[in-house]
Amino acid sequence: MIESWLKNIKHEGKPDEWEVKNLLKSIGIQVPKGFVINPKEEISPSQLTFPVVVKVCDSTILHKTEVGGVVLNVFEETYSEAVLSMQAKFPQSRILVEEMSSYSGIEFILGGLVDPTFGQAIMIGAGGILTELYKDVTFRLVPLEKEEALRMLRELTVSAVLQGYRGSQMDMEELAEIIVSIGDLIKKLGPHFSQLDINPLVYTKQGWTALDGMLVLN
Amino acid sequence: MSKTRQLEPLFYPKSIAVIGATNKKDKIGHIIFSRLKHSGARLFPVHPKEAEIMGVPAYPDVAALPEKIDLAITTISADKTVSVIKACAAHGVKAAIIIASGFGEIGEEGKKLEEELKAIHDEYGLEILGPNTLGIFLPETGLDTIFVEHGDKALAGGGSIAFITQSGSVGTEALGVASNTGYGMRAFVGLGNKILLNETDFLEYFYEDKQVNCIAIYAESIDDGKVFLEKAKKIAKEKAIIVLKAGRSAAGQHAVSSHTGKLAGSDRVVNGAFHQYGIQRAFDEEEICDASKTLSMLPLPKGNRVAVITAAGGYGVMCTDYIEQKYPRAELKMAELNNKTREKISEINLSFASSHNPIDITASATDQMYVDTLDTVLSDSGVDIVICFVFFSPPGFSEDLIDLVAQRVKNSRKPIIVFTEFGPYTDGLLKKFYDRGVVGFSSIYRTVRAVRFLEERSRIVRNLGGNGND
């Protein structure tokens, strides 16, 4: 499965968000419903429920928001215009259209890297744009078992929100299982794997959902 | 071959050749040779001109040595070392400790010498410790190659801690200070440049050593990180492992574009990995000594509820603050004493004593009140750990308390840890406690931190499904 996924990446070693999300979906991690539009492609009528988000889908662009590559809350009336102007701005890139996910509660980050001494590692913590400010994260080596993933979660300052803090309802068990799946994925990617950021990872009515994903391969 | 057999000649040599032994005082070769005279091994000094060194017949070169040699110790300079080690290997020497610096740490030229040493090992199987190492100190036999002051007299009593250090100075200075208040060392190993033998080898060696129950490691780098961790995880089921991993700067050798990479920046991966594999972490030389002393001497607590007995209210308050500080990996809480315990404490003590935890028996109490209170608290099933603040300045207290507390420590399955402060006498009193088997520290912070190491260790043992060292 991973071998064929690796083979089909458009730009070798640099999967874009759509490709990363397909990979996540294939291992059972939920991503927003969406589709991708190729450069210069006719705009297909949207099968999605509005509002949607329109994003540039290009692994060479690191900070989409900062270059105007993300438009949130797009309704049916402005949809064509949003896609056209995104295509005009990024003529070489694909465009990703996804349903807006509604969620409450805090955002998480789930990531991975290769430590020079110990090898492949996984990270979970408080996510969103302030993740590097709070630094409320914890690491383990992969692969790992669910018990260990639960221990990771209990170590976080934000762990309280997973245990009903102020009435919050976020499924801690399911999050631990996702950590284990990502750990297994990193392991399976083996020497191809370099870095991963799933940020934000949020809890919606349908469960944990990866709203963005960046994967760097070797 | 098992690690024990492979490294036996390093720790238990029957014959030692010292290349660089000299009659010239204050030369390293002189200091080491004179120390080795207490080791019980047959000594063979090698010197190109002298006929004898300190009364022991000398040999002009390695080839002239009259019998098979277990261990060679070289104190000669780096440039002369390779040919001597080659001669040792050819003569059948099993292991060598290379004291000299001037190898890989100085650059390319030194690295070339290290490669030549490795090639000798590959050809002859000679084990090499170092170079650039202080070598080995084994109180049990008196084998001691450390040529600087290191509290060796105070450490001579031995103990159950194996102390493995990449930096000789960090090891000797930290142990020297720790020995003032008592430190039970089974063995000291200086890894130096660790061109062949590294932390993982000695971790395995001391796993097999039944006299060791706690392994402390100071490391700036860890070779084969994953292998080290896997071995540690197996060993940590039975023996405590504490690692001081120094050098917490950015890990990112290559460009990091992810948040994850930037967040790992300092050394959070090390933190997580150690935790996952059952290794406890210390952050400075005092902490690693405190932690290893505690873990090597005390039983593990069955829970995390701490009772505090004090004769001075202020210390009880400070201690409570430390205990209740959030610390997810080793959460502690103040024990709630049951009514029977509290009534009994009130009966034993003066009317103005407090039977609430922290238990303040006041400075008007006596030795007897102190130990009766301690016995009562120990028998409360809601108490897992007891911190005893033992003060000697109030007139009702005497040094008899040391023995009285020591008896309880000896007979209790719950860990009891002492904090004491008594001006210039503090270290001496702590040493007396230690000599009677009691772990004690001279600050509240260090005392509570030591208790956390116990709690963290008991969690690790639970997580790994091991049986701990008690």
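Below, read A as the first sequence line, B as the second, and so on, with proteins coming before strands; counting in each chain starts at 1. Source: prediction; values computed, not measured. The analysis underlying the following values was restricted to heavy atoms, covering all of them including side chains, and did not include hydrogens, waters or symmetry mates.
- Taking 4.5 Å as the limit, every side-chain heavy atom of Arg140(A) sits out of range of all side-chain heavy atoms of Val269(B).
- In this structure, the side chains of Phe118(A) and Phe274(B) come closer than 4.5 Å at one or more pairs of heavy atoms.
- In this structure, chain B has heavy atoms under 4.5 Å from both the backbone and the side chain of Glu132(A).
- No side-chain heavy atom of Phe139(A) sits less than 4.5 Å from a side-chain heavy atom of Asn271(B).
- For Arg154(A) against Pro328(B), the heavy-atom pair with the smallest separation is O-CB, 4.4 Å.
- Minimum interatomic distance between Asp197(A) and His259(B) (heavy atoms only, all atoms of both residues): OD2-N, 2.7 Å.
- With a threshold of 4.5 angstrom between heavy atoms, Val270(B) approaches chain A through its backbone and through its side chain.
- For chain B, no part of Leu156(A) is nearby; none of its heavy atoms comes within less than 4.5 Å.
- If you measure heavy-atom distances from Ile109(A) to chain B, the contacts under 4.5 Å come from the side chain alone.
- Atom CD of Glu336(B) sits in a sparse spot, with 12 or fewer heavy atoms from other residues, nucleotides or ligands closer than 6.0 Å.
- Around atom CD of Glu230(B), more than 12 heavy atoms belonging to other residues, nucleotides or ligands sit under 6.0 Å away.
- The distance from atom CZ of Arg151(A) to atom CG of Asn463(B), rounded to the nearest 0.5 Å, is 3.5 Å.
- Within the 4.5 angstrom heavy-atom criterion, atoms from both the backbone and the side chain of Ile222(B) approach chain A.
- Surrounding NZ of Lys146(A) are more than 12 heavy atoms belonging to other residues, nucleotides or ligands, all under 6.0 Å away.
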From CA spacing to verdict: side chain to side chain contact (heavy atoms under 4.5 Å, CB included), Phe228(B), Thr117(A): CA-CA 10 Å; Phe228(B) 173 79; Thr117(A) 304; over 6 Å; no

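- Of all heavy-atom pairs spanning Val137(A) and Arg268(B), the tightest one is CG2-CD, 3.7 Å.
- At a heavy-atom separation below 4.5 angstrom, chain B is approached by no residue within residues 18-26 of chain A.
- Chain B forms the most heavy-atom pairs under 4.5 Å with one residue out of Asn199(A), Thr138(A), Thr131(A), and that residue is Thr131(A).
- The two residues Gln276(B) and Pro143(A) have their closest heavy-atom pair at NE2-O, 4.0 Å.
- Taking a 6.0 Å sphere around CD1 of Ile129(A), one finds it holds 12 or fewer heavy atoms contributed by other residues, nucleotides or ligands.
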